[in-house]
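Working notes, structure below.
Quick note on labels: first sequence line is chain A, next is B, and so on, each numbered from 1.
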Protein chains: 4
Amino acid sequence: MKARTSKPGGEVGPPVAGQRSVARRPSKRLIGASERRAAIVAAGLDEFTAKGFAATRLDDVARRAGVAKGTIYLYFKDKEALFEELVRTALGPLVARLANPPTGEGSARDAVRTRAELFVREVIGTQRGDLLRMVIAEGGRFPALADFYYREVVSRGLAGMRKLIEYGIARGEIRNPEIAAHPQLMAAPLVMAVIWQGLFRTQAPLDTAAMLRVHLDLIFTDGRTA
Amino acid sequence: MKARTSKPGGEVGPPVAGQRSVARRPSKRLIGASERRAAIVAAGLDEFTAKGFAATRLDDVARRAGVAKGTIYLYFKDKEALFEELVRTALGPLVARLANPPTGEGSARDAVRTRAELFVREVIGTQRGDLLRMVIAEGGRFPALADFYYREVVSRGLAGMRKLIEYGIARGEIRNPEIAAHPQLMAAPLVMAVIWQGLFRTQAPLDTAAMLRVHLDLIFTDGRTA
Amino acid sequence: MKARTSKPGGEVGPPVAGQRSVARRPSKRLIGASERRAAIVAAGLDEFTAKGFAATRLDDVARRAGVAKGTIYLYFKDKEALFEELVRTALGPLVARLANPPTGEGSARDAVRTRAELFVREVIGTQRGDLLRMVIAEGGRFPALADFYYREVVSRGLAGMRKLIEYGIARGEIRNPEIAAHPQLMAAPLVMAVIWQGLFRTQAPLDTAAMLRVHLDLIFTDGRTA
Amino acid sequence: MKARTSKPGGEVGPPVAGQRSVARRPSKRLIGASERRAAIVAAGLDEFTAKGFAATRLDDVARRAGVAKGTIYLYFKDKEALFEELVRTALGPLVARLANPPTGEGSARDAVRTRAELFVREVIGTQRGDLLRMVIAEGGRFPALADFYYREVVSRGLAGMRKLIEYGIARGEIRNPEIAAHPQLMAAPLVMAVIWQGLFRTQAPLDTAAMLRVHLDLIFTDGRTA
DNA sequence: AATGAATGAGCCTTCATTCAT
DNA sequence: TATGAATGAAGGCTCATTCAT
């Protein structure tokens, strides 16, 4: 068992590649402070998801971001602050979209399916998925992070889900109304898929779409629209 | 975000009590090599689940196991080997029980329910749950571990689950036979529960039992037996 | 042993007040280069005496002086140059007063006593005392500073002292004329007092005035005038 | 002003030179734990007195002691603990000798002179003198150190001095009994000499012996014995 | 002249691993 | 087999100094 260290991927954030040319001052003031900050966050996302929190060296983050090590500390108090920011940045906007109020027209099933597909597209198998897996594991040791994550991501996501379920119940689409008390059941296959693809993609790739269709069939009375 | 470091719990593994007594040589040759090895694994389980892979110090593992630091290297090649062994030891036997062939008498729902309850009892909220969360996160970085985990734990667990589903289909208990192609759907709420209790227990404890009942109601036609 | 970092005092140097106001540009061109330089020196005095040479951060000096960090380098080659200048500025003028030629009228004892009292007032327990202690310790590692200090401060101070002693011998006030060869003996209790108050003020405050009276009594034949 | 960094001297502690030979395991267990500890303290004394507290690198201490950097941490909690220990070790035994009860026979002047000569021989111009100068300067920033130093060194030394003075008064040797209230006056020229030789040795060496003779003449009525 | 963002060398401390005993 | 002292590489963070603006 030898630890794998890097990974080609990197869907989130600007490429930032090309830094580290021989000329000592390649860009410097060509980019503003916020771009620089974004480059650090993007590099951090790459490194943290590839190596985990403890094994990530800020040296590598700096190199990947094309800045000096000390520069990181101009923008973030320490390694943990960078990690937190990164979770916020990478997952926050997505959750906002997932927690969108139900559109009001169309079926609840379609609304759920649309959101699930967004999740599949934007999270499963991407760095965001890796990050989510990181939070799952490290969260227990960083109560502040778990707190933040619950407040900003989970509770909002679940609230949105519950709204959708109630909407579906009102429309008579939901087979068993008791699920309204357990919106986690609606999300569970998505979490399962994130984990599966992160760990067992190579051993046994998961047909996420098919699985989700069956999942929706279990919950909704009529899948004609899917 | 300050890292939390220890945790009182510890349901899994042999007691290992008595270590750390004042007398420096508490037992020595009173215990054989395999007991010694077991003590190290048990201590490793405590430490790894409490602090994570990187933050665990072999010094602490040794102290907790009541052996010298160097002794660990007599039994394990390195830190990673100990971690692998520990996953094997802590989760292997459990999987064997979960993957038991269906008993042949009684309903499939009961069989699933029984196994789920075993999982809830033995994993969720215990060190095994913490370990499972660790594997979820670190697995991506330890391909050998992910491999092993897939072979020894996941594929066997899923095979058992599939058997149960087919048994249920044969008995006409299953609402939607398509679930046979996605046994992950059966397990997803359990995974979700492990994660939830590990991370958000304090913010919003989950009524696992209630959730599982609804879950079974979604899948099985008749819950009268539950 | 935890390092103490700041200290309220600050008798020496221009006020430098008003800096650190909320408005980012408090004065700028309202003050000339020499005022700016003086502000830096004054801030340096505060910081160096409070934290020592190595522990002083130029960042803090700059902030306290109300200038940008880079500005310091417009006036001083580096940290050491600032420290040297500061010693020159803070102790030079005082020495000039201490080394004043004997007034010609009045007793030698009174002249010594007057100068000692000046020293007590202006040095002991003040920032100048802290600075003197710094020089005592760091001097060995900064030969140029020790040189300067010897030339500008010590040799001149001792020469003045010797003059006073000879004046006293001529007037028959001195008990033992051999002290003329060792003017350091005259100053030794003052040095002792600076050190004592700097280190042991809290444990056992020193009655400097009483000690000095006895000291003079040992050297001068008649203390009636004191 | 360029900082001088090393210094050939080194009166205290075993030489410890010669370590770092090409062979990877030159001695190791040839020396015991306490010798190793002593070597670290001795190396620390060299380095701290040569460079000051902050500028001393534990890397250099380790190299000079012939051990690995990490080894220092087996014996001392951190840099400060090493420094404290070093002060204790280097100055403690000396103080014990200086604070010896007066012998009971012979003149007080002789007793003082003997102790002063011991101080001159063992402190002035040696590493112990450098260390003393360090304490003088850093003490203000390390209250715990100043505390320790006052308790272990200064108060004991002064108490011994006071005893001697009272012994001298009883024998009628002391010119001015008021000095009993200010034993610091007795020690002041010694402190002065330590500082002088540490800083101005090269500019103007001090004839310490001559100065001390005059000092004693000022205090004692009869110097015939000196 | 003045700024302050950026740099990167440097250092204390930790800890997995080794090995003489 | 067991020990635990010793090792030394590694990494987070600081801060004097530089330089584009």
Between R37(D) and E85(D), does any side-chain N to carboxylate O distance fall below 4.0 Å?
yes

Could you state the atom-to-atom distance from [atom1] of [X] to [atom2] of [N] in whole Å?
{"X": "I72(B)", "N": "dT17(E)", "atom1": "CD1", "atom2": "P", "answer": "10 Å"}
{"X": "I40(D)", "N": "dA6(F)", "atom1": "CD1", "atom2": "P", "answer": "8 Å"}
{"X": "Y75(A)", "N": "dT7(E)", "atom1": "OH", "atom2": "C1'", "answer": "13 Å"}
{"X": "D59(C)", "N": "dA16(F)", "atom1": "CG", "atom2": "P", "answer": "8 Å"}
{"X": "E47(D)", "N": "dC12(E)", "atom1": "CD", "atom2": "P", "answer": "11 Å"}
{"X": "L74(D)", "N": "dT13(E)", "atom1": "CG", "atom2": "P", "answer": "14 Å"}
{"X": "R63(D)", "N": "dC11(E)", "atom1": "CZ", "atom2": "C1'", "answer": "13 Å"}
{"X": "K51(A)", "N": "dG12(F)", "atom1": "NZ", "atom2": "P", "answer": "10 Å"}

Using Watson-Crick or G-U wobble geometry with both distances under 3.5 Å, which nucleotide pairs with dT21(E)?
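Checking every strand shown, dT21(E) finds its partner in dA2(F), with both distances under 3.5 Å.
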
Taking a pair to mean Watson-Crick or G-U wobble geometry with both distances below 3.5 Å, dA1(E) pairs with none

Return whichever of A68(A) or G70(B) has its heavy-atom-nearest nucleotide of DNA chain E closer to the 5' end.
A68(A)

Whether [X] side chain and [Y] backbone form a donor-acceptor pair below 3.5 Å:
{"X": "K79(C)", "Y": "F53(C)", "value": "yes"}
{"X": "T71(C)", "Y": "V67(C)", "value": "no"}
{"X": "T56(C)", "Y": "E47(C)", "value": "yes"}

Contact nearer the 5' end of DNA chain F, comparing K79(C) with K79(A)
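Going by which nucleotide is closer to the 5' end, it is K79(A).
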
On DNA chain F, compare the nucleotides closest to T56(C) and R57(A); which residue's is nearer the 5' end?
R57(A)

Side-chain N or O of R36(A) less than 4.0 angstrom from OP1 or OP2 on dA6(E)?
yes

Heavy-atom check, side chain of R36(D) versus side chain of L74(D), under 4.5 Å:
no

For the side chain of K69(C) and the base of dT17(F), is some donor closer than 3.5 Å to an acceptor across the two?
yes

